[in-house]
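In the text below, chain A, chain B and the rest are named by the order of the sequence lines, each starting its count at 1.
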Protein chains: 2
Amino acid sequence: MSLNRNVSSIASLISDPSRAAILLHLLDGRCHPAGDLAAAAGITPQTASFHLAKMAELGIVTVEKHGRHRYYRIAQASDAEMIEQFLSFAGPAPVVSLRQSDQMKKLRHARMCYDHLAGEAAVRITESLQRAGHLQKDGLQLHVTASGERFFAEFGLDLPQLRKKRRAFSRCCLDWTEREHHLAGALGQGLTERMFAMDWFRREEQSRAVRITQEGMQGMAERFGIQLD
Amino acid sequence: MSLNRNVSSIASLISDPSRAAILLHLLDGRCHPAGDLAAAAGITPQTASFHLAKMAELGIVTVEKHGRHRYYRIAQASDAEMIEQFLSFAGPAPVVSLRQSDQMKKLRHARMCYDHLAGEAAVRITESLQRAGHLQKDGLQLHVTASGERFFAEFGLDLPQLRKKRRAFSRCCLDWTEREHHLAGALGQGLTERMFAMDWFRREEQSRAVRITQEGMQGMAERFGIQLD
DNA sequence: TCCACATTTCGATGATAATGGAAACGTCCA
DNA sequence: TGGACGTTTCCATTATCATCGAAATGTGGA
């Protein structure tokens, strides 16, 4: 009567502080060279390489060689969401420094969750889309309604194209700072991409945090009826 | 930039196969003497005691002394739900034996998730309550509507009493076999208790599985419009 | 009072696994 | 071609931790 092998291996992945630090760093959805991850976790390159090899073997991260660098990233959005969800149980990390608290505020406000937007902004957008009848929640799925089809098309998204991708089209992702759901899947990714293309958001350097621009404020108010401070 | 201490400690709790087996056994919400848990995990009483002490220190389980036995149980429903959710990521365990597959079928059908019903039956009931307009989903909350108030009262639940409990009144709990939400919180517990009182369900011995009675079949059809096989 | 039994504490053992030094490999650049 | 650099592989060290035997604690029953 033992648990699935996977449960234990996934849990032990997170249970090691060094690996947890690496994963947390990778949660921004970007590619990171091994050296950066070592620095982020406070370990030597050898040790980081050891951990990364282990994670790659489990299929949770993938490598891409570019010159003498090897860029790692989380393999699947669903894994990133799993880690995010796990974070939501433990609650936000205890605040140690002012600088950290400031960073946490930014993360809570808006951040990347692998390849889509998370945080207050994402939750509010998702709520707005449901309220407007563009999305309809059904279990862990978020169905796009007929009006939603029109809305997203007008917003500049190519839905048929997004549906073709080999991943969940539209689904919920639990937000660990807001404890609410936000839009994930191909649609979440596409919407996020589009909003970045319109310069509504800009990524902070070296962080998962995302900054909302003036255009973003205005656009969110006009298109989603959301007032963010 | 390291993760919260809790994240690692909780993860390492699950990452050990023996502890995982113990936790899985405790997921039925019942109290279990230490010896039973040792047997369930396939370890000696000493080792089980060691693990249980560690879990108790983290506050994930609590002890109750009765004579020369010490009964352990999962301290909080939210922790049980956390473990259930974690299971949902890894998916169901690989089937090894026919006996196991049979047991899994039962679990998928109806089981206890700490103190409330889970599995297909629970998901269907929750869906039905939403469809009938008695419950309304709002993020992770499930609001009881005015018609819901009447329905539950008529069903024999004392809602004001349930609201008084020092825990979430009504919330979603992700079902790891169905990958859908079911009703949890004080209301989920109360509803489950009431259905057991009406003899709609009966617990299997030594298992989290729950059997539906003839009365249950009939009642579910009449009250919830659900046809379970 | 004595023994059986459930459980814990203590102590020793053994296995596992994270870590970093040394060195090798491959790539970029001069 | 040679050297700097990012990364990995190999290897030895170390620390941690699960495990169990032995013994202690505490409870119930005869």
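In this model, the phosphate group of dT19(C) is not approached by any side-chain N or O of Thr47(A) to a distance below 4.0 Å at OP1 or OP2. Between Ser18(A) and dA18(C), a side-chain N or O to OP1/OP2 separation shorter than 4.0 Å is absent. Between Thr44(A) and dT19(C) there is no side-chain N or O to OP1 or OP2 distance below 4.0 Å.
For the side-chain contact (heavy atoms from CB on, under 4.5 Å) test with His66(B), the passing option among Arg68(B), Glu64(B), Arg70(B) is Glu64(B); the others fail.
Here Leu183(B) contributes atom CG and Thr192(B) contributes atom OG1; the two are 7.5 Å apart, rounded to the nearest 0.5 Å.
Rounded to whole angstrom, the span from the CG atom of Leu37(A) across to the P atom of dG6(D) amounts to 14 Å. Between the CD1 atom of Ile43(B) and the C1' atom of dC17(D) there is a distance of 13 Å, rounded to whole Å. The separation between Asp16(B) atom CG and dC17(D) atom P is 11 Å, rounded to whole Å.
The pair Arg211(A)-Glu204(A) meets the salt-bridge criterion, since a charged nitrogen lies less than 4.0 angstrom from a carboxylate oxygen.
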Checklist entry - Checking side-chain contact (heavy atoms from CB on, under 4.5 Å) for the pair Phe196(B)/Arg203(B): CA distance, chi angles, key distance, verdict? => result CA-CA 9 Å; Phe196(B) 268 92; Arg203(B) 302 200 57 151; 3.5 Å; yes
Next on the checklist: Evaluate Leu191(B) against Ile125(B) for side-chain contact (heavy atoms from CB on, under 4.5 Å), listing each step before the verdict.
Outcome noted: CA-CA 10 Å; Leu191(B) 183 64; Ile125(B) 288 175; 4.2 Å; yes
Item to check | side-chain hydrogen bond (donor to acceptor under 3.5 Å, both in side chains) between Ser12(A) and Ser15(A), worked out | outcome: CA-CA 5 Å; Ser12(A) 64; Ser15(A) 69; 5.2 Å; no
Next on the checklist: Under the criterion salt bridge (Lys or Arg N to Asp or Glu O under 4.0 Å), I'd like the reasoning laid out for Arg111(A) against Glu84(A): C-alpha separation, chi angles, the key distance, then a yes or no.
Outcome noted: CA-CA 12 Å; Arg111(A) 68 177 180 279; Glu84(A) 282 255 341; 3.2 Å; yes
Item to check | Check against side-chain contact (heavy atoms from CB on, under 4.5 Å), Leu162(A) and Phe169(A) | outcome: CA-CA 7 Å; Leu162(A) 287 175; Phe169(A) 171 60; 3.9 Å; yes
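The side chain of Pro45(A) lies closest to dT7(D), out of dT19(C), dT8(C), dT7(D).
Of the residues in residues 50-75 of chain A, those placing a heavy atom less than 4.0 Å from an atom of DNA chain D are Arg68(A), His69(A), Arg70(A), Tyr72(A), in numerical order.
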Within the sub-3.5 Å range, which N or O atoms of nucleotides 10-12 of chain D have a protein N or O partner, and how far apart are they?
none

